[in-house]
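Down below is the structure, laid out as structure tokens.
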Amino acid sequence: MDFGVQMVVELKEGLADPQSRAIHESLPTMGWDNVDFLSVGKYFHFHVDAPDRDAAVEQATEMAERFLSNPVIERFDIRDVYVADAVPLETGE
Amino acid sequence: MDFGVQMVVELKEGLADPQSRAIHESLPTMGWDNVDFLSVGKYFHFHVDAPDRDAAVEQATEMAERFLSNPVIERFDIRDVYVADAVPLETGE
Amino acid sequence: MTVRVGVVTFPGSLDDRDALRAVATMGAEPVSIWHGDRDLGGVDAVILPGGFSYGDHLRAGAIARFARVMDAVRAFAHDGGPVLGVCNGFQVLCEAGLLPGALIRNRSLSFVCRWVNLRTENPSGNFTNWPDGEVIQIPIKHGEGQFVADESTLDRLERGGQVALRYCSPSGGVDDGFNPNGAARNIAGIRNQRGNVVGLMPHPEHAVDPDLGPTGGQAVLEWLIASAHARQPEHAVSAR
Amino acid sequence: MDVAPPLHRSLGLTDEEFDAITTRLGREPNRAELAMFSVMWSEHCSYKSSKAHLRTLPTEGPQVLVGPGEDAGVVDLGDGLACVFKMESHSHPSAIEPYQGAATGVGGIVRDVLSMGARPAALLDPLRFGPLDADGGARNRWLFGGVVAGIGGYGNCIGVPTVGGEVKFAPAHSANPTVNVMCLGFARADELLRGRTGSDGDALILIGAGTGRDGIGGVSVLASATLEEDVLASRPSVQIGDPFMEKLLIEACLELRDAGLLAGLKDLGGAGLTCAVSETAAGAGLGAHLDLGAVPTREPGMEPFEILISESQERMLAVVRPDRVPDVERVCARWGLAASRVGTLRRGQGLRVTSAGNLLADVPPPALADEGPEYHRPASRPDWLDALREDDPIRRPPPASLEEAFLAVLGSPNVASKRWAFEQYDQLVQGQTLVPPGGDAAVIRLEGTLKAVAVASDGNGRYGFLDPYLGGAHAVAEAARNVACTGARPLAITNCLNFGNPERPEVMWQFAETIRGIGDTCRTLGTPVTGGNVSFYNESGGSAIWPTPVVGMLGLLEDYRLRLGIGFPDADLLVYLLGATRAELGGSQYAETVLGMVSGPPPALDLDAEGRLIDLLVRAAGADLLASAHDCSEGGLAIAVAEAAIAGDVGVRIGSGSTGNHVALFSESASRALVTAWPGRERELQRVAEQMGVPFERVGITGGPSIEFEGLFGVSVQDALVVYEGAIPSLMSARATDRG
Ligand SMILES: Nc1ncnc2c1ncn2[C@@H]1O[C@H](COP(=O)(O)OP(=O)(O)O)[C@@H](O)[C@H]1O
Ligand SMILES: [Mg+2]
């Protein structure tokens with residue numbers, strides 16, 4: 001069965017995050033001075049063919065730990081696991 | 001009031017996506033040959049101080065259109081807007 | 001016997017040919033190693049060169065560390081063989097867990113190519129052939145060269161004399177004004193505890209030919225070649 | 001009638017062009033054929049408005065191995081070595097997506113050089129933007145920052161150093177930035193490949209990326225329609241570059257070349273497969289069969305015409321003898337690249353396109369590749385020019401403070417250091433960069449020899465605006481002078497001609513005049529044109545960019561040990577100004593920065609004097625008389641002196657003799673260079689200069705901590721450095737981060 005997985009990877013708290021800082025700091029120059037927190041990360045969306053939901057979660061976790069994130073600097077969060085067969089690929093917009 | 005916004009920015013359908021392709025194609029060499037779709041995007045998480053939810057969504061949309069994405073090649077999707085005052089920053093893990 | 005130095009080519013390696021040329025300039029025998037090889041062909045030292053292996057997608061070095069040849073590199077390193085990772089090679093070594101820490105985007109968010117001053121470090125003198133306290137010039141060229149690690153790891157690196165190079169002023173002073181990428185404690189290069197695995201952001205292979213500029217890279221390659229030489233059978237015996 | 005007239009018009013073909021196609025085919029074209037003609041007969045691919053003028057350029061010389069017409073020009077470097085080089089524009093996509101627009105521009109020009117069988121060895125990036133600080137500065141900063149990041153992002157990732165370029169700023173480029181990229185590569189002359197070769201039965205192998213819908217219509221829509229507000233409508237025309245794939249393509253194609261497996265090689269650029277296959281077949285005098293079903297597509301359900309004209313990046317077409325196909329597939333597989341046999345060259349037929357056995361198109365290849373329309377568009381001199389040229393800054397009073405004027409010009413973005421840009425480029429990979437960006441020309445060694453090439457790009461927008469003939473002429477002359485200042489002998493040029501809408505007579509006049517200027521200068525200097533690119537329609541709302549010819553000059557140093565840098569290498573060296581200074585402030589940087597005027601006549605150009613200066617520089621460098629050389633151009637003598645002092649970190653004292661006023665300091669008279677002589681070689685230098693008829697003047701001596709203009713003012717080298725290096729970083733620090 002095909003399971004869709006959505007996952008977010010962000011730099012760990014406490015690490016300097018130059019990209020988030022630069023984007024955040026340039027917001028006032030564009031007229032948005034009311035944003036008091038901003039962080040950028042990576043978003044992964046993939047489909048895993050797995051016997052069941054638990055297996056899908058387990059594989060997604062392993063992929064995140066071994067490959068999609070670097071535990072030295074990043075943390076990951078699985079946001080959603082769903083049965084993908086029925087859902088079209090474009091989840092966006 | 002502080003509203004938390006979570007947003008995903010991905011390349012538009014139809015454009016070549018070398019990053020997603022390279023990551024996807026490397027999975028089998030790591031033993032994951034059952035992933036039949038993978039796409040990487042950017043994930044933004046920020047807090048907007050806005051009078052109400054609609055205003056927060058409006059500003060987030062404008063930020064996405066004018067700054068956080070380039071509509072020429074990217075599409076964005078606001079995944080969540082929530083009242084942030086009560087919620088700690090780490091929504092992850 | 002001439003030392004044979006292997007240079008690994010991953011898809012997307014860029015400074016591999018430059019490393020091979022620099023090895024020859026330094027009087028050793030350059031040997032090209034393909035990422036798909038299972039063994040290192042009996043070389044005495046290994047260089048993981050600079051470049052954008054696998055396009056640097058995901059994170060620099062993240063995909064390359066799974067290349068088949070990396071099993072052999074890991075075994076070689078565990079066996080005490082000298083391994084030098086330059087730029088992308090350094091990133092691969094960190095991703096592979098052969099060196100601690102990680103390399104993230106430069107503080108400026110921009111790629112930077114320039115000659116820098118570097119202070120060599122070997123405070124205890126434990127690491128044979130690596131000078132201590134000299135200022136050398138080598139160019140850097142990277143977008144993700146900001147070395148980071150947690151404080152305890154950084155302290156451990158310092159205690160063990162594992163910082164190999166630091167960005168510094170022309171006179172050797174270490175201050176943030178001479179830090180080109182925001183690296184923690186101005187760290188430009190580190191070694192493992194044993195000292196046989198070294199990772200550097202600067203490119204020594206681009207600093208060996210006097211026609212092209214200063215020759216600070218010679219010291220680094222001399223270390224690699226001398227370390228390899230010391231491990232060759234005849235020397236290994238006499239060293240015992 | 002199966003095709004209604006509106007379709008051809010919406011594809012950008014005129015009724016006359018449609019009729020010409022019908023006549024040529026003896027029938028009306030079908031849909032697929034119409035798509036093919038529309039891209040091949042577009043301005044971008046057919047050069048229909050420009051070719052009548054381009055034909056007047058000198059293209060021949062003993063050093064030219066391959067002139068215009070192939071993917072890139074080739075020049076003989078002696079000893080069996082050759083240099084392949086070409087320049088191209090990617091301005092339109094860069095205006096809406098600067099990072100990817102510039103990145104894919106690099107990808108395209110690199111494949112042009114690769115398709116000749118050369119290893120790409122260096123890149124240059126001549127750029128023009130609107131001002132960073134004025135109204136609209138935010139968008140200009142976004143464009144400049146994104147373009148530089150994109151060039152670096154692509155060039156750095158494929159292992160080709162970026163060794164030079166230009167960045168100039170002018171309001172006329174605000175709406176339409178100009179992004180040109182130049183690549184040069186090296187090969188042995190006997191291993192060069194031609195795109196237009198092949199024999200009956202040869203296989204056509206498509207190597208590299210999958211074919212997608214990106215760039216559909218890019219050629220005919222993007223290159224022939226003016227950018228208007230509705231830029232979002234041109235979305236699909238911007239593509240995402242994949243430099244990693246490009247690097248694999250470079251290595252795989254060079255390995256195929258080395259193994260002797262290629263009869264020919266062609267890049268896929270504008271007009272995609274249609275262009276590559278029709279040009280290959282037409283060049284070989286053959287027909288071809290193309291099977292669209294064999295083309296690997298990135299997306300399901302692509303229509304045949306989409307596959308035919310897709311401009312998907314990172315693809316090459318190899319022409320291969322049938323028995324070599326398996327070997328080619330093996331090499332490509334080793335590099336992880338797809339290699340698909342998509343067609344075959346065939347004697348005695350047209351280009352026949354099939355899919356699933358159905359014949360979709362059947363067109364004679366030359367009709368597509370060579371028989372595009374040619375227009376002699378009306379040209380007329382704009383009437384606003386006279387008044388502008390009358391207003392000569394020479395008649396304005398001198399500035400209140402010469403020192404302030406000097407610092408203002410030194411810190412003007414056009415003159416100030418471009419380090420902010422070129423530090424974002426890998427300048428060193430491949431290990432042959434003897435002179436990196438920052439000098440007059442970059443110098444790159446030919447591995448394993450004493451030879452080196454020098455390369456520079458030039459083009460002064462103000463001059464072209466005020467006098468397009470002189471704009472073209474100066475672009476060539478300054479580029480040649482820059483190359484000669486390294487000690488190299490100028491050999492040949494490539495160029496990119498960036499203009500507004502050619503359907504407007506004043507633009508066409510500017511274009512024709514520019515070409516005349518380039519042609520005359522190339523003839524006199526003996527530097528033929530080996531290729532180039534024309535970019536029209538750089539205008540919005542009826543306002544065009546300045547006529548912007550950009551010239552890429554290649555020169556040869558026989559012994560790189562005798563190369564010169566611009567910096568004063570030491571104290572106590574005598575400083576000479578070679579060439580004559582006239583009272584010429586028209587179009588100068590001084591007039592723009594200090595007086596706020598872009599007017600008056602640009603400096604005159606005596607082509608013979610320029611030739612003599614260049615000969616002198618080459619000869620004096622070859623005899624090891626010179627310690628440094630720097631051309632005197634934008635900002636005049638004052639800026640040349642400052643740049644030489646800053647580069648060498650050595651001060652200088654310039655005597656009051658002939659530099660006593662603002663005109664002497666800031667005049668941009670052409671054909672001049674600032675040189676220092678090695679101690680004891682001064683007399684010899686003077687003798688040679690006299691003998692060669694080059695006026696010269698001893699203007700000062702190096703040494704000390706400051707740049708002194710005796711009797712006028714002095715500025716410490718350190719202060720000058722801060723102004724020169726600080727200008728662009730401080731303007732760009734106001735930049736909002738690039739999107740996301
Ligand atoms: N965009 C760029 N990329 C790389 N190098 C650049 C760029 N812009 C300027 N440079 C380099 O900076 C130096 C000065 O440029 P410029 O003032 O245009 O030179 P010149 O006036 O001698 O033609 C040259 O070495 C040039 O190659
Ligand atoms: Mg110059």
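Note that this is a predicted model, so its numbers are computed, not measured. Because only heavy atoms are used, hydrogens play no part in the values below, and waters and symmetry mates are left out as well, while side chains stay in.
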I63(C) portion near chain A, given a 4.5 angstrom heavy-atom threshold: both
All pairs passing salt bridge (Lys or Arg N to Asp or Glu O under 4.0 Å) where residues 190-200 of chain C contributes a residue, at least two apart: none
Residue list, salt bridge (Lys or Arg N to Asp or Glu O under 4.0 Å) with D18(C), at least two apart or on another chain: R21(C)
Would you list the atom pairs in which one atom of chain C and one of chain A form a donor-acceptor pair under 3.5 Å?
| unit_1 | atom_1 | unit_2 | atom_2 | d |
| --- | --- | --- | --- | --- |
| L58(C) | O | K42(A) | NZ | 2.8 |
| R59(C) | NH1 | F67(A) | O | 3.0 |
| R59(C) | NH1 | L68(A) | O | 3.2 |
| R59(C) | NH2 | F67(A) | O | 2.9 |
| R65(C) | NH2 | R66(A) | O | 2.5 |
| E95(C) | OE2 | N70(A) | ND2 | 3.4 |

Contacts of type side-chain hydrogen bond (donor to acceptor under 3.5 Å, both in side chains), residue T128(C), not counting sequence neighbours: none
Proximal component of L15(A), with respect to chain C [non-hydrogen, under 4.5 Å]: side chain
CD (Q193(C)) with more than 12 external heavy atoms under 6.0 Å: no
Closest approach of F44(A) to L58(C) (non-hydrogen atoms, all atoms of both residues): CZ-CD1, 3.4 Å
